[in-house]
Amino acid sequence: MVRGVYESAHNAAWNKRLRRVIEQATALFDGQRNWVCNTANTASLLWHAFHSLPSPSNLVNWAGFYVLDAAVANQLILGPFHGKVACQTIAFGRGVCGVAAASGETQLVPDVERFPGHIACDGDSKSEIVVPVIQDGKVVAIIDIDCAVVNGFDEEDRQYLQQLAELLAKSCDWI
Ligand code: SME
């Protein structure tokens, strides 16, 4: 099933549920600036929020973070997530995550098989959205969410996740 079938019901549920994630994240970050702690809780909030929504959102199969690798320049390293085990490091410019990190721009990928260089950590993933977390003009992390069907994400997801990325950027002490 793709978006559109239960458009208005879906959007109402989506708006309410994901607005609540922002509220919950804001509350959790109050008095806490550790990036591991905050991204771990955010991965949990995202996973449960998407899974509480109608299809295709409930078919999200990976939700989490890659952060700057302190040991290797221009490389991302796996951060907190929910889902199956994933690639440990990703060079800037490689895969959807690396392109988002290198460009500083959200990558909304309706069909991963059509994205040149996509890294298939989990063969179940069919679509993906990657949103950079930018602090003081520098990419410090990325939010990565995969879905087990094509067209799993839309412009509303992009806007909501970019809002969350802005909250994370200013709420954490990054590497
Ligand atoms: N598919 C990503 C790799 C990370 S996994 O999806 C968790 C990419 O192409 O960068």
Side-chain angles (χ1 to χ4, degrees), residues 2-3 18 21 25 35-53 55-135 138-169 172 174-175:
V2 294
R3 283 200 175 150
L18 295 186
V21 168
W35 72 265
V36 178
C37 179
N38 288 345
T39 55
N41 270 336
T42 303
S44 173
L45 289 177
L46 286 170
W47 178 267
H48 290 288
F50 276 101
H51 280 254
S52 73
L53 289 167
S55 175
S57 298
N58 62 350
L59 300 173
V60 158
N61 61 311
W62 203 91
F65 293 85
Y66 282 83
V67 299
L68 280 190
D69 188 342
V72 180
N74 296 323
Q75 180 165 284
L76 297 167
I77 189 161
L78 185 61
F81 68 94
H82 282 220
K84 290 184 185 169
V85 293
C87 320
Q88 292 166 309
T89 60
I90 298 175
F92 273 40
R94 284 202 59 235
V96 186
C97 296
V99 168
S103 65
E105 292 183 359
T106 296
Q107 303 296 308
L108 177 49
V109 182
D111 181 350
V112 294
E113 287 183 16
R114 291 168 182 254
F115 188 97
H118 166 256
I119 302 165
C121 292
D122 180 348
D124 288 344
S125 300
K126 298 290 184 288
S127 54
E128 180 163 7
I129 186 166
V130 180
V131 180
V133 177
I134 301 172
Q135 187 185 54
K138 179 182 161 193
V139 174
V140 291
I142 58 96
I143 304 170
D144 182 15
I145 308 184
D146 292 6
C147 187
V149 292
V150 295
N151 296 315
F153 306 100
D154 64 12
E155 283 302 318
E156 281 186 295
D157 294 304
R158 177 205 293 268
Q159 284 170 25
Y160 159 73
L161 291 169
Q162 287 182 173
Q163 200 181 324
L164 183 62
E166 284 172 25
L167 176 65
L168 280 157
C172 303
W174 295 96
I175 298 165

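Here the structure is a predicted model, which is why all the values come from computation and not from measurement. Read the numbers this way: they start at 1 and go in the same order the structure lists the ligands and their atoms.
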Specify the protein heavy atom at minimum distance from atom 10 (O) of ligand 1: its residue, its atom name, and the distance to 0.1 Å.
-> C97 N, 2.8 Å

For R94, does the CZ atom sit with more than 12 other heavy atoms under 6.0 Å from it, leaving out its own atoms?
-> no

Output for pair (N61 CG, H82 NE2), nearest 0.5 Å, gives 13.5 Å

Tell me: protein heavy atom nearest atom 1 (N) of ligand 1, and distance?
-> I119 O, 2.7 Å

State, with a plain yes or no, whether a side-chain heavy atom of N58 is found less than 4.5 Å away from one of S52.
-> no

Just say parallel, tilted or perpendicular for the rings of F153 and F50, cut-offs at 30° and 60°.
-> perpendicular

Within reach of ligand 1, part of D144 (heavy-atom separation under 4.0 Å) | side chain

Exactly one candidate in L168, V36, I77, I142 meets side chain to side chain contact (heavy atoms under 4.5 Å, CB included) with F65; the answer is L168

Under 4.0 Å to a heavy atom of G95 - the qualifying atoms of ligand 1, by number | 9 (O), 10 (O)

Name the closest protein heavy atom to atom 2 (C) of ligand 1, giving the residue it belongs to and the distance to 0.1 Å.
-> E128 OE2, 3.1 Å

C121 heavy atoms within 4.0 Å reach ligand 1 at atoms 3 (C), 4 (C), 5 (S)

At what distance is the nearest protein heavy atom to atom 8 (C) of ligand 1, and which residue and atom is it?
-> V96 N, 3.3 Å

Roughly how far, to the nearest 0.5 Å, is the OG1 atom of T89 from the CG atom of L78?
-> 9.5 Å

Quick one: does ligand 1 sit under 4.0 Å from the side chain of Y66, the backbone, both or neither, non-hydrogen atoms only?
-> side chain

Which ligand 1 atoms, with their elements, are less than 4.0 angstrom from a heavy-atom of H118?
-> 1 (N), 9 (O)

Can you measure from CG (N151) to CG (L108) and round to the nearest 0.5 angstrom?
-> 9.0 Å

Where's the contact between D146 and ligand 1, heavy-atom distance under 4.0 Å: side chain, backbone, both or neither?
-> side chain

